[in-house]
Amino acid sequence: MKKPIYLDYSATTPVDPRVAKLMCSYLTMDDGLFGNAASRSHQYGWDAEEAIEAARKHIADLLNANPKEIVWTSGATESDNLAIKGVAEFYAKKGKHIITCKTEHKAVLDTCRQLERHGFEVSYLDPQENGLVDLNKLKAAMRDDTILVSIMHVNNEIGVIQDVAAIGKLCRENKVLFHVDAAQSAGKVPIDVEAMNIDLLSLSAHKIYGPKGVGALYVRRKPRVRLEAQMHGGGHERGMRSGTLATHQLVGMGEAFRLAAEEMASESERVRLLRDRLLKGIEDIEEVYVNGDLEQRVPHNINISFNFVEGESLMMALSELAVSSGSACTSASLEPSYVLRALGRSDELAHSSIRFSIGRFTTEADIDRAIELLHQKIDKLRALSPLWDMYKDGVDLSTVQWSAH
Amino acid sequence: MAYSDKVLDHYENPRNVGTFENEDDGVGTGMVGAPACGDVMRLQIKVNDEGVIEDACFKTYGCGSAIASSSLVTEWVKGKSLDEAGSIKNSDIAEELALPPVKIHCSVLAEDAIKAAINDYKSKHQD
């Protein structure tokens, strides 16, 4: 069977063949580069260390950071945990208040919930309707005992870009540490930890054509940010994260970041053209809403609600496309997307949302096929939808007395 | 999520999609669910003078299992008396379509839709 067209690059990306090729050379005896970087007594260890340090530099270069500020982890989820729990535990004597936003990734929200169970207080900011954090609200939420602000750079569901430079400035002025989850932004939009006053920043490899199972945390050295380790053992990564370094994974992440730095500008432009082509192709469909700010967003993500069509049935109809939905039916919880709800979107629109994410290997033909399918399937499902009938008859759905179940 | 062949069949080729004139004396309409919950079913029956459902149609906003459940029941109720149709159980629907546990509510909604349509018809013929 022919595989569906992949339009879910925000979920994960395929490994770039150039990255995969390089990774393979760090696995077997043939190449002799499989060593443990902690082996200080022979060539295998030295070679592994050299490769890992080169990779570390590629990560640091993309952020305008020093390689010594990069701590390897298993992925952005671990980085978020290490940053937030690590800071909370180390600075608990200074204060026990943390600020974050309701549209953060679960790796941040659930980590904060866990800290609440251990006596910390967390403020969850409501975003504005366009998905962006209100700086005045953030400022108002800061207290004398606030130790950390954690705000993501680019939202995974709706692709909006937060003004991290302004948030960083505010945090620095108020002497509060600033953590940024950059899993969705690295390699897509420029990051400068100096100019943006970022103290901690979480990264993932598999969102930018590197392998799964590896990530990194940037930890500022000047002024120094301290962390309580969450993984104990051999004292790797300057005591912040023990565990033998996975040479081939780190080499893969490094190469992915090196390529991203090289190709970000041209790739963003190409992807933006594809995104605009998709939007233009469906602009004649009625009752279509783009979720999240239209300007402040990454080019590769577009989250759209097709009113009066339920998201999961639309995904079923679009089985030729691999996309994701904020519809309740796609999750076990039967709750529609918490991100869209936090934006103040109605439950109906949240149920009707589809996320298209475009990437390095998407073609114009892929987009054209998606446009064609969307026209066909939206027509088909609306012909099946009693809500569409009512809308066409001029019924205001918000005035209808529904029998909730 | 993997769908059963029967769900896919009803979803790809839904039976009896449509609308009857609600003003028609022989028509009963049941609309259940809510947009906020992600599914709304409208099921309509056309009942003849002998009290037998001679036709049925539906429109559904909802997931594939909700569409399949309502499509299936329009087939099942045809030719049945009101009492027979009213005794269709959600478990029968769920079993026929091999619905997974998280989709059982779709079959419950379909059962509710039949009952609502029958009640609507009966309320029109109380005298």
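These numbers come from the heavy atoms of this one structure, side chains and all, not from hydrogens, waters or symmetry mates. In the text below, chain A, chain B and the rest are named by the order of the sequence lines, each starting its count at 1.
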Cationic tip of A/K106 above A/Y338 ring, under 6.0 Å, 45° of axis: yes
Can you tell which part of B/T19 gets under 4.5 Å to a heavy atom of chain A, answering side chain, backbone, both or neither? side chain
Salt bridge present between A/R382 and A/D389 (N-O < 4.0 angstrom): no
Apply side chain to side chain donor-acceptor pair (under 3.5 Å) to B/S71 and B/N16, showing your working. CA-CA 7 Å; B/S71 169; B/N16 310 309; over 6 Å; no
Is the backbone N or O of B/D24 less than 3.5 Å from a side-chain atom of B/K124, with the two atoms forming a donor-acceptor pair by type? yes
Using non-hydrogen atoms and a 4.5 Å limit, figure out which bit of B/F58 sits close to chain A: side chain, backbone, both or neither. side chain
Please flag which part of A/A383 lies under 4.5 Å from any non-hydrogen atom of chain B: side chain, backbone, both or neither. backbone
Before accepting this row, confirm whether a basic side-chain N of the pair A/R355/A/E157 lies closer than 4.0 Å to the acidic partner's carboxylate O. no
Heavy atoms only, distances under 4.5 angstrom: which of B/V17, B/V108, B/V40 has the most pairs with chain A? Name it, please. B/V40
Taking every non-hydrogen pair under 4.5 Å, which of A/L349, A/L381, A/L384 racks up the most with chain B? A/L384
